[in-house]
Amino acid sequence: MAEEHRCQTPEGHRLCVNNCGFSGSSATMNLCSNCYGDLCLNQQQQQASTKSTVESSLSAASPPSSLEIESISSSSSTAEKQIPLIQTSTEQKQPPQRPNRCTVCRKRVGLTGFMCRCGTTFCGTHRYPEVHGCTFDFKSAGREEIAKANPLVIAAKLQKI
């Protein structure tokens, strides 16, 4: 009876199901950490690809007309049901791209471009307002900020007896 227990492998020392030579565990479906990580990565990629195909098929479908949207909204208000409307591609706007050149010297700035308060992008040498002839009024902007930060406090006048 003691000989039977020596031949059995302990619970924690199982080899990987993929026969890679490492030990697996029951928590990772009898796979080693490398094989389990690869399995999880493949599952995530498959889910992402199916999600992208579903989104592309939805965007390829024609959006509902305005009459259909009005009829859906009127029927949902009477029946008090909320029906989610399909978002069209015009509603999903991408953020505007920053210009990638200095407006003074036309030098490519890439990610290191400096946005001035006047709304333009400059390189490192033209980033200062004095150098590029900035049209932004810093003095009035500073006054407005100070006025907002420090509201006027006036005490109520006392009535004399």
Side-chain angles (χ1 to χ4, degrees), residues 16 18 20-25 27-29 31-159:
C16 179
N18 289 342
C20 62
F22 293 106
S23 61
S25 68
T28 59
M29 298 185 299
L31 294 170
C32 65
S33 60
N34 292 336
C35 296
Y36 185 72
D38 293 340
L39 178 72
C40 292
L41 184 64
N42 289 337
Q43 287 177 351
Q44 288 176 354
Q45 289 175 352
Q46 288 175 355
Q47 288 175 354
S49 65
T50 56
K51 183 179 179 182
S52 64
T53 55
V54 169
E55 287 177 356
S56 64
S57 66
L58 286 177
S59 65
S62 62
S65 65
S66 61
L67 294 175
E68 292 175 9
I69 293 173
E70 290 174 4
S71 65
I72 290 172
S73 63
S74 63
S75 66
S76 66
S77 64
T78 58
E80 295 181 317
K81 294 181 181 177
Q82 294 183 357
I83 300 172
L85 298 175
I86 299 173
Q87 293 181 352
T88 60
S89 61
T90 57
E91 293 176 3
Q92 298 174 352
K93 295 182 180 178
Q94 296 177 351
Q97 291 183 340
R98 289 179 37 182
N100 60 353
R101 293 191 178 269
C102 175
T103 55
V104 175
C105 64
R106 305 294 299 159
K107 178 181 175 184
R108 295 192 85 199
V109 293
L111 297 174
T112 60
F114 293 93
M115 285 291 289
C116 183
R117 286 186 172 181
C118 60
T120 53
T121 305
F122 297 102
C123 64
T125 57
H126 297 110
R127 67 182 175 197
Y128 300 110
E130 306 85 37
V131 177
H132 69 262
C134 189
T135 58
F136 186 77
D137 190 11
F138 289 96
K139 190 178 277 188
S140 64
R143 286 180 183 155
E144 290 175 6
E145 286 181 19
I146 291 172
K148 287 179 184 177
N150 301 322
L152 201 64
V153 179
I154 299 174
K157 293 187 177 183
L158 297 174
Q159 294 179 359

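Computed from heavy atoms alone, side chains included, the values below leave out hydrogens, waters and symmetry copies. Numbers for residues simply follow the sequence, beginning at 1.
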Looking only at heavy atoms, what is the nearest atom pair of M115 and G119, with distance? CE-O, 4.0 Å
So which heavy atom on V109 is nearest to which on R101, and how close? CG2-N, 4.0 Å
Look up atom OG in S33 and atom CG in D38, then write down how far apart they are to the nearest 0.5 Å. 9.5 Å
Would you say that C105 contacts H126 through its side chain, given a criterion of any heavy-atom pair below 4.5 Å between the two side chains? yes
Intermediate values then yes/no, side-chain contact (heavy atoms from CB on, under 4.5 Å), F114 and T121: CA-CA 5 Å; F114 293 93; T121 305; over 6 Å; no
dist R143:CZ -> E145:CD (nearest 0.5 Å) comes out at 13.0 Å
With a cut-off of 3.5 Å and sequence neighbours excluded, list every side-chain donor-acceptor pair involving residues 149-159.
none

Supply the atom-to-atom distance L39 CG to Q44 CD, rounded to the nearest 0.5 angstrom. 10.0 Å
Side chain to side chain, C35 and C20, heavy atoms closer than 4.5 Å: yes
When rounded to the nearest 0.5 Å, the distance separating OH of Y128 from SG of C116 is 12.5 Å
Heavy-atom count check: over 12 atoms from other residues, nucleotides or ligands less than 6.0 Å from F136 CZ? yes
Using 0.5 Å steps for rounding, measure from the OH atom of Y36 to the CG atom of L31. 8.5 Å
Residues in ring pair (Phe, Tyr, Trp, His ring centres under 6.0 Å) contact with H132, at least two apart in sequence or another chain: F122
Between R127 and V131, is any pair of side-chain heavy atoms under 4.5 Å apart? no
